[in-house]
Protein chains: 2
Amino acid sequence: MLRRLADSGERMTEPREIVVRALSAETGVINPEALSYDLHPRGVGRATVYRTLDLLERYGMLTRVHVEGCHGYTLCDEGHHHHLLCSACGRVVPVDATGVEAEILRLAEQLKFRVDTHTLEFAGLCQACQKKTR
Amino acid sequence: MLRRLADSGERMTEPREIVVRALSAETGVINPEALSYDLHPRGVGRATVYRTLDLLERYGMLTRVHVEGCHGYTLCDEGHHHHLLCSACGRVVPVDATGVEAEILRLAEQLKFRVDTHTLEFAGLCQACQKKTR
DNA sequence: ATTCATGCAAAGCTTTTGCATACAC
DNA sequence: GTGTATGCAAAAGCTTTGCATGAAT
């Protein structure tokens, strides 16, 4: 992740490194405000956190998610995929949804709508949390 | 829409009626702040607009959409469906979702993830705007 | 008569911006 | 040395809330 930034010609600053390392440790949805709060004692300003998240999103390493108050990000390193968000443990499970997408594109074509981007997210319970609840 | 509110036992107040009528005239994404601004001269307060949108969403007559700054609603009167949002004219085109739905269920079952809700939106150009651009 | 919705203004929360300083290249 | 990123604080958005008033049932 750091390497990718460097390779893209971005400056490798300490704050950026701190942010990226904190993100890597995260398994669930990333809340910018909470992250700022966590990183502030380490000398990283709020604005820098927001700016870095923005940067990573532009490079496609992060995606915005819209569940739970509409203000989060999640890691997004592999190819194109979507996310299952567990509402109990907060975990984010990447999922290949090509079947769903194909269906959509078929519909769009039928309606002569040119689809540029799309958003597809699921919320529910992961396998582990289903067991706990039962 | 008004009838549905009344049938649900909600009070039929003038501000609510004004909001609902304004919504019906809308073909695109509804921006709460802009709507408040429009309706303020007619004596409807900001808070009432937000509260009414919230109310309508709870009854499923409105859905939140997440494109363009992540803060909008769109009309949602028919059965279950999704939306194609035209980024040029702002129009919202509903799309029947039964095929997509089946795909989603299949996927969830395969992953043993219990899907409670999902978000699926598309942004692009509607047929009319594609022609204009060309 | 009661209860619920309203408008206003203020507060809350999240995100962005201006600017001088410090750091990476 | 130059140009960009940073931290801070302030500003800007958007949404919610407290409260007294007014309207609907």
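Numbers restart at 1 for each chain; the letters A, B, ... are given by sequence-line order, proteins then strands.
Note: B/Phe122 CZ to A/Arg114 CZ = 15.0 Å, rounded to the nearest 0.5 Å. A/His83 contributes atom NE2, which lies 8.5 Å from atom CD of A/Glu121 (distance to the nearest 0.5 angstrom). One distance of note links CD of B/Gln110 with CG of A/Asp96; it measures 9.0 Å at 0.5 Å rounding.
Taking atom CG of residue B/Leu53 and atom C1' of nucleotide D/dT16, one finds them 13 Å apart after rounding to whole Å. Distance B/Leu56 CG to C/dA5 P: 13 Å, rounded to the nearest Å. In this entry the distance linking OH of A/Tyr37 with C1' of C/dC13 reads 15 Å, nearest Å. Whole-Å rounding puts the A/Ile18 CD1 to C/dA24 P distance at 11 Å. The separation between A/Leu35 atom CG and C/dT14 atom P is 13 Å, rounded to whole Å. At whole-Å resolution of the value, CE in A/Met12 and C1' in D/dG3 are 18 Å apart. Protein atom CD1 of A/Ile30 is 16 Å distant from nucleotide atom P of C/dT14, rounded to whole Å.
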Donor-acceptor pairs under 3.5 angstrom involving side-chain atoms of residues 8-23 of chain B: please list them, not counting sequence neighbours.
{"residue": "B/Ser8", "atom": "OG", "partner": "B/Arg4", "partner atom": "O", "Å": "2.7"}
{"residue": "B/Glu10", "atom": "OE2", "partner": "B/Tyr59", "partner atom": "OH", "Å": "2.8"}
{"residue": "B/Thr13", "atom": "OG1", "partner": "B/Arg16", "partner atom": "N", "Å": "3.4"}
{"residue": "B/Arg16", "atom": "NH1", "partner": "B/Arg11", "partner atom": "O", "Å": "3.1"}
{"residue": "B/Glu17", "atom": "OE2", "partner": "B/Arg21", "partner atom": "NE", "Å": "3.2"}
{"residue": "B/Glu17", "atom": "OE2", "partner": "B/Arg21", "partner atom": "NH2", "Å": "2.9"}

Using residues 39-49 of chain B as the side-chain source, report each donor-acceptor pair under 3.5 Å to any protein atom, sequence neighbours left out, with the distance given to one decimal.
none

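Hydrophobic clustering, with ILVMFWY side chains joined whenever heavy atoms are under 4.5 angstrom apart, groups A/Met1 together with A/Leu35.
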>> Under the criterion salt bridge (charged side-chain N to carboxylate O under 4.0 Å, His left out), I'd like the reasoning laid out for A/Arg106 against A/Glu103: C-alpha separation, chi angles, the key distance, then a yes or no.
In response: CA-CA 5 Å; A/Arg106 203 177 59 70; A/Glu103 183 63 28; 3.0 Å; yes
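Contact annotation: B/Tyr50 reaches the phosphate of D/dT15 (side-chain N/O to OP1 or OP2, under 4.0 Å).
The salt bridge (charged side-chain N to carboxylate O under 4.0 Å, His left out) check on B/Asp38 picks up nothing, with sequence neighbours excluded.
When the local axes at the two ends of the helix from C/dA1-D/dT25 to C/dC25-D/dG1 are compared, using 5 base pairs at each end, they differ in direction by 40° after rounding to 10°.
Sorted by first and then second residue, the pairs that involve residues 87-121 of chain B and meet ring pair (Phe, Tyr, Trp, His ring centres under 6.0 Å), not counting sequence neighbours, are B/His80-B/His118, B/His82-B/His118.
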>> So if I define the base as every atom that isn't primed, P, OP1 or OP2, how would nucleotides 5-11 of chain D read as a B/S/- string at a heavy-atom cutoff under 4.0 Å?
In response: SBBB---
